[in-house]
Every structure is written in C-alpha cells, then in structure tokens.
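Here the structure comes first, spelled out in structure tokens, and everything after it is commentary.
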There are 2 protein chains.
Amino acid sequence: MNAATAFAPTVPMPAPASFFEAIGDIGIAQMREHVPVLRHKLEGGESLYRAGQPFRALFLVNVGCLKTCELADDGREQVTGFHMRGDLVGVESIGLAAYACDVVALESSEAWELPYPPMLAACRRVPELQARLTSALAGEIRRDRLWMLALGTLSAEQRVAAFLLDLAERHARLGFSPRHFILRMGRLDMASFLALKHETVSRTLSRLVELGLVSVQRREVNLVDVAGLRRLAGGEPVH
Amino acid sequence: MNAATAFAPTVPMPAPASFFEAIGDIGIAQMREHVPVLRHKLEGGESLYRAGQPFRALFLVNVGCLKTCELADDGREQVTGFHMRGDLVGVESIGLAAYACDVVALESSEAWELPYPPMLAACRRVPELQARLTSALAGEIRRDRLWMLALGTLSAEQRVAAFLLDLAERHARLGFSPRHFILRMGRLDMASFLALKHETVSRTLSRLVELGLVSVQRREVNLVDVAGLRRLAGGEPVH
DNA sequence: CGGCTACTTGAGTATTCTCAAATTGTGTGG
DNA sequence: CCACACAATTTGAGAATACTCAAGTAGCCG
C-alpha cells in the first residue's frame with residue numbers, strides 16, 4: 001500500500017492508434033505524432049504523482065480508477081475527484097513547478113504520460129489540440145463548480161444520490177451499465193469527496209436502500225429507481 | 001436591481017497601455033495589438049453575463065467587484081467566487097456555446113471585454129499569451145479546489161476566518177490595506193459562498209469580534225489579530 | 001420621516017458528527 | 001484449508017454544530 005511513485009520505472013510503449021482516437025478529453029491521433037507517450041501501470045494505493053514532485057506531464061487515464069487528494073499543510077485533506085478511462089489528470093498543476101496535489105490509484109490502473117513540454121509544442125503546431133486542452137481545463141472548472149454547488153446546497157442523502165447518479169452517467173458514457181456497477185473507492189474516500197463522515201455515508205446508503213432506490217452490498221451498487229434518485233438529488237424529498 | 005446585461009451598450013475605447021501592463025492574469029501589452037477591447041461599466045446588481053447567453057468573450061475586471069453564481073435547474077444556486085481588479089472572468093465557459101453561470105456586479109464596476117475569437121487568434125500568434133491563458137485556467141482550478149478543501153474540512157468559524165484572510169491577501173496584492181477593508185458583498189452572498197446561512201455568518205463574525213480577532217461594523221472590517229485568525233483558520237491562508 | 005432591506009440576536013430543532021461496538025470481508029501464515 | 005489478524009463497513013446513542021423560525025435593530029433611499 002505504500003507506493004513508489006510512478007515516475008521511476010516505465011517503458012515507452014506506443015499504444016494502438018485506436019486507443020488515442022477512442023478515448024479522452026484530449027484523445028486525438030495528432031498527439032501521437034508529436035508527443036512520446038509512456039504507459040504507467042499502477043497498483044491500488046500507488047500514486048501517479050504527489051504534491052511537491054516536479055511537474056513534467058499530464059496523464060490520460062486508460063484503465064482503472066484514481067483519486068485526486070487536495071492537501072493543506074496543516075494536515076487537512078480532501079478527495080476532490082475520481083478519474084476514469086478518458087479523464088485527463090494533472091491539469092490543475094499546469095503553470096507550476098511542482099504538482100499541487102496527490103493522485104493515487106484506487107485499483108490496478110494504467111495512465112498514459114503526456115510530457116508537458118512536447119505537448120505544448122504540439123499544441124502550438126496543432127490549434128485543434130490547443131483548443132482541446134483549453135476546453136478540457138474549462139470543463140474541469142465547470143465540474144468542480146458543479147460539485148461545489150452540490151456540496152453547498154444538498155443534504156447528505158442528496159449528495160450521495162447525486163454521487164451515484166454521476167457515477168452512473170460516467171459509466172454509461174464508457175459503455176458500462178449505468179444501473180449496476182462496483183464502487184472503486186471505499187466509504188472513506190467517498191465521504192471525503194462528499195464532505196461527510198464515512199459513518200454518515202454508510203447510514204445514508206442504508207437509507208437509500210430502505211427507500212427502495214438502490215441496493216447496495218459492500219461496494220456493489222444497483223440503481224433500482226433512477227427516477228426516484230433524480231428526484232431526491234434534485235431537491236424534493238421522496239415520500 | 002433587475003439588470004440589463006452588459007452586452008448591448010458599449011463603446012470601443014482603447015485603454016492606456018499601462019493598465020494592460022499593470023493588471024491581470026492575462027494583462028500583457030501584446031493583447032492590445034490583436035484584440036479589440038471594449039469597456040463595460042456596470043452598476044451594482046447588473047450582470048456582466050448570464051447563464052445561457054451566447055459565449056463570446058472573456059472579461060478582465062478593472063474596477064469594482066463581481067460575483068459568480070452557479071445555478072442548478074431546480075433553482076439551487078451558490079456563489080462560487082468573487083472577482084476583483086485583475087481577475088479574469090468567463091474562463092469557465094470556454095468551449096461552450098453559452099455561458100455556464102451568472103456574473104453580477106456587487107457595486108459600480110468596470111470590466112474589459114476580450115472577444116474570444118480574436119483572443120484565440122492572438123494566442124496562436126503569441127505563445128506567451130497562450131501560456132498565460134492556460135495558466136490562468138489552471139490557477140482557477142486550484143483556487144476552486146482549495147475552497148472545496150476549506151468548505152469540506154473547516155467549521156463555520158474557520159471558514160469565515162479563512163474568507164477574511166483571503167480577502168486581506170487579495171487586497172494586499174492590489175496595494176490596499178490588508179488589515180482594514182470594506183466587504184463588497186452582503187452577508188447573504190458571503191454565506192452562499194461559504195456554504196452557510198447568513199445568520200450563521202453574522203453570528204460567527206460576532207464571535208470573531210468577541211474573540212478579539214477582528215472588529216466589524218456592518219461591512220467595515222478590521223483584522224485585529226491576523227496571526228490569531230491564521231491559527232483559527234488552520235494555519236495557512238487560502239489563495 | 002416612512003418604508004425597505006440588511007443585519008443581528010435569541011430559542012428551539014435537526015442534521016450530522018463523535019465515540020463506541022459489533023459485523024463482515026480479506027489476506028496471510030500455519 | 002482453516003484460523004487469525006486486520007481493514008472496511010455498519011449500526012447505535014449521545015453530543016455538537018449549524019439551521020429554522022422569529023423578533024428586533026440599524027442603515028439607506030426616496
């Protein structure tokens with residue numbers, strides 16, 4: 001569980017073009033022509049990067065699931081995001097000398113390293129790429145703001161419902177079942193992200209089960225009543 | 001209070017180069033050579049833009065103070081930021097056809113419109129500009145994440161303290177007194193931003209006064225014991 | 001000077017947290 | 001393969017923080 005960071009051991013390995021076409025906020029073939037891509041394999045618990053390490057690359061998640069942890073120097077920390085296939089990671093650290101947060105794998109995962117200087121050069125040559133990067137950054141801001149809104153205005157029950165619906169939608173977009181999935185994160189990480197305590201998350205999930213909205217066994221989730229969840233997450237209590 | 005939006009009436013008016021040099025995440029002279037800059041004057045309550053309006057420009061705040069309001073379609077809303085001289089506004093909407101949120105002036109303010117297509121073109125020609133824009137976006141992500149951390153891990157008292165310290169630091173950077181300043185926003189907006197109720201903010205400010213950390217009269221704030229505030233807020237000021 | 005809004009303060013309530021214990025699942029060494 | 005230790009999760013009871021509802025005060029604009 002104590003992770004060697006991902007930088008040291010990696011082999012350059014050009015991935016099939018189809019991958020580049022298929023996935024990602026940035027995933028277009030042109031990148032491959034300009035940027036050497038390294039594949040990083042991580043076990044659960046290993047970090048892709050840590051706050052303070054020199055910033056050198058962005059990463060594109062290809063397999064698995066990772067979390068971002070925001071850290072304060074007084075020891076406070078919070079999970080501010082979960083990342084799956086196609087997500088671009090590291091954008092928050094652009095413009096800095098060192099990464100601003102930790103990114104840690106929740107399970108066996110694979111991320112592609114996109115060294116930043118070559119990427120910048122590529123963006124300069126290919127305006128399309130530049131636009132995609134900028135859009136990815138703006139999209140990240142919007143995602144963060146939507147969660148700020150959610151955490152600031154929703155009850156514990158509503159937050160958990162919203163979280164499950166968000167996972168469902170992301171799974172759907174990746175071609176997986178939006179109704180039945182496995183949580184990649186523990187209650188603790190989920191709680192941290194939702195600004196709750198893990199006991200509260202646990203209780204809340206139990207309550208959603210009581211209400212007949214979901215069924216939960218450990219990390220396995222079934223969304224039984226998606227419409228009901230939506231109603232709950234959207235403001236009105238379910239009676 | 002019901003605001004005509006800022007788009008209709010504006011006169012092109014080249015601002016002194018010194019302004020461009022002096023202010024802003026993006027404030028460099030090269031911008032002026034490529035991008036026509038329009039000045040928007042707003043009264044308190046008027047909006048710079050509203051969610052749903054076609055996205056056409058970013059804005060650089062020159063005078064005054066504005067707030068960003070995130071909106072949900074079920075009516076929930078939250079203030080997600082306050083913007084002062086030098087802040088770049090609108091970046092969250094890059095890549096969209098329409099703005100994603102409301103930006104409203106809290107007092108008489110002035111913002112410079114940077115039409116986006118010309119700005120993109122300028123960025124293409126001047127890599128320095130591009131880098132600045134990208135850095136500004138990344139910086140926005142970091143600011144949002146730091147506040148997510150604060151809202152997720154701090155008590156009401158700590159949040160208010162952190163908020164005051166943040167204002168103090170921003171004022172200092174603009175050359176104003178970090179110890180004595182006027183709040184540009186009402187308790188309601190402050191509460192919304194901090195994910196609290198306005199009564200709680202009010203009580204909390206009273207408590208900080210009791211503790212001898214600040215003195216508050218309506219919107220006038222004096223930071224009496226900055227070190228004490230820092231200790232309370234958890235050690236470090238939020239940027 | 002009214003009438004309004006913004007702000008403050010009080011009292012009781014509710015949601016979420018804290019502390020604690022029980023339960024279940026997981027991995028490891030015998 | 002089982003027994004055990006350990007980590008993750010669930011559940012309970014009481015406490016605390018922040019909320020709701022309500023009333024009162026203070027500035028502000030016409």
Side-chain angles (χ1 to χ4, degrees), chain A residues 1-2 43-45 67 76 78-79 104 106-108 150-164 182-211 214-221 232 235 237-238, chain B residues 1-2 43-45 65 67 76 78-79 104 106-108 150-164 182-211 214-221 232-234:
Chain A
M1 205 52 177
N2 69 2
E43 293 305 310
K67 65 175 174 181
R76 285 176 297 122
Q78 179 166 45
V79 176
V104 181
L106 297 172
E107 58 180 339
S108 297
L151 301 184
T153 60
L154 298 181
S155 69
E157 215 164 82
Q158 294 177 308
R159 287 182 218 177
V160 172
F163 182 73
L164 295 179
I182 305 295
L183 296 172
R184 260 54 198 215
M185 70 296 293
R187 297 288 186 268
L188 224 84
D189 282 334
M190 205 170 143
S192 173
F193 178 72
L194 295 174
L196 298 170
K197 298 298 167 184
H198 66 100
E199 297 98 325
T200 303
V201 169
S202 192
R203 269 186 257 277
T204 301
L205 283 170
S206 300
R207 175 118 185 79
L208 294 182
V209 171
E210 275 178 35
L211 291 173
V214 303
S215 75
V216 179
Q217 271 162 308
R218 216 70 176 174
R219 297 202 181 179
E220 187 179 351
V221 175
L232 177 61
V238 176
Chain B
M1 230 359 205
N2 66 1
E43 293 305 310
C65 187
K67 65 175 174 181
R76 284 176 297 122
Q78 179 166 46
V79 175
V104 180
L106 296 172
E107 57 179 341
S108 296
L151 301 185
T153 59
L154 298 180
S155 68
E157 217 163 80
Q158 293 177 307
R159 286 182 218 180
V160 172
F163 182 72
L164 295 178
I182 305 294
L183 296 172
R184 261 51 197 215
M185 69 296 296
R187 299 287 187 268
L188 222 84
D189 282 334
M190 204 170 142
S192 172
F193 178 73
L194 295 174
L196 298 170
K197 298 298 167 185
H198 66 100
E199 297 99 323
T200 303
V201 169
S202 193
R203 270 185 254 275
T204 302
L205 283 170
S206 300
R207 176 117 185 81
L208 294 183
V209 172
E210 275 177 36
L211 292 172
V214 304
S215 76
V216 179
Q217 270 161 306
R218 212 75 175 171
R219 296 201 182 179
E220 187 179 350
V221 175
L232 177 60

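Note on naming: letters A, B, ... go to the chains in the order of the sequence lines (proteins, then strands), and numbering restarts at 1 for each one. Please read these numbers as outputs of a predicted model, since none were measured by experiment.
- With contacts defined as side-chain heavy-atom distances shorter than 4.5 Å, the pair B:Leu151/A:Leu151 does not qualify.
- Atom CD in A:Gln217 sits about 13 Å away from atom P in C:dT24, given to the nearest Å.
- As a whole-Å value, the separation of B:Leu188 CG from C:dA6 C1' is 9 Å.
- Pairing each heavy atom of B:Gln78 with each of B:Phe193, the nearest pair is NE2-O, 4.1 Å.
- Rounded to whole angstrom, the span from the CG atom of A:Leu183 across to the P atom of D:dA8 amounts to 15 Å.
- Of the residues in residues 192-199 of chain B, B:His198, B:Glu199 come within less than 4.0 Å of DNA chain C through at least one heavy atom, sorted by number.
- Atom CD1 of A:Ile182 is separated from atom CD of A:Gln217 by 10.0 Å, given to the nearest 0.5 angstrom.
- Side-chain nitrogen and oxygen atoms of A:Arg218 include none within less than 4.0 Å of the OP1 or OP2 phosphate oxygen of D:dA8.
- In this structure, the CG atom of B:Leu208 is 16 Å from the C1' atom of C:dT9, given to the nearest Å.
- To the nearest 0.5 angstrom, B:Leu232 atom CG is 6.5 Å from B:Ser155 atom OG.
- In this structure the side chain of A:Val160 reaches within 4.5 angstrom of the side chain of A:Leu194, judged on heavy atoms.
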Give each protein N/O atom lying under 3.5 Å from an N/O atom of nucleotides 11-15 of chain C, with the pair distance.
none

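- Remark: B:Leu183 CG to B:Cys65 SG distance equals 9.5 Å, nearest 0.5 Å.
- Summarising the geometry, the separation between CD on B:Glu220 and P on D:dG27 is reported as 12 Å, rounded to the nearest angstrom.
- Partners of A:Arg184 under the salt bridge (Lys or Arg N to Asp or Glu O under 4.0 Å) rule, at least two apart in sequence or in another chain, are A:Glu107.
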Expected rows: protein N/O vs nucleotides 28-30 of chain D N/O, under 3.5 Å:
none

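- As rounded to whole Å, 10 Å separates atom P of D:dT9 from atom CG of A:Leu205.
- Within 4.0 Å of B:Arg207, counting heavy atoms only, lies no atom of the nucleic acid at all.
- Note that CG of A:Leu205 is 11.0 Å distant from OG of A:Ser215, once rounded to the nearest 0.5 Å.
- Base pairing in DNA chain C yields stems of at least 3 consecutive Watson-Crick or G-U pairs, both distances under 3.5 Å, namely C:1-30 with D:1-30.
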Item to complete: Please lay out, stage by stage, how A:Leu154 and B:Arg76 fare under the test side chain to side chain contact (heavy atoms under 4.5 Å, CB included).
Response: CA-CA 9 Å; A:Leu154 298 181; B:Arg76 284 176 297 122; 3.6 Å; yes
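- Put simply, the side chain of A:Met190 does not reach to within 4.5 Å of the side chain of A:Thr204, judged on heavy atoms.
- The distance from atom CG of A:Leu106 to atom P of D:dA8 is 12 Å, rounded to the nearest whole Å.
- Pairs passing the side-chain hydrogen bond (donor to acceptor under 3.5 Å, both in side chains) check and including a residue from residues 188-201 of chain A, sequence neighbours excluded, read A:Lys67-A:Asp189.
- Note: CD (A:Glu210) to C1' (D:dT11) measures 12 Å, nearest angstrom.
- The side chain of B:Thr200 contributes an N or O atom lying less than 4.0 Å from OP1 or OP2 of D:dC19.
- Among the atoms of the strands shown, only primed sugar atoms or phosphate atoms (P, OP1, OP2) are found under 4.0 Å from some heavy atom of A:Arg219.
- Taking each heavy atom of B:Ala195 and A:Gly152 in turn, the nearest pair found is CB-CA, 3.8 Å.
- Within the structure, a side-chain polar atom (N or O) of B:Ser206 is placed less than 4.0 Å from OP1 or OP2 of C:dT9.
- B:Val214 is listed as a side-chain neighbour of B:Val209, based on a closest heavy-atom distance under 4.5 Å.
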Item to complete: Test A:Leu211 against A:Glu157 for side chain to side chain contact (heavy atoms under 4.5 Å, CB included), laying out the working first.
Response: CA-CA 11 Å; A:Leu211 291 173; A:Glu157 215 164 82; 4.2 Å; yes
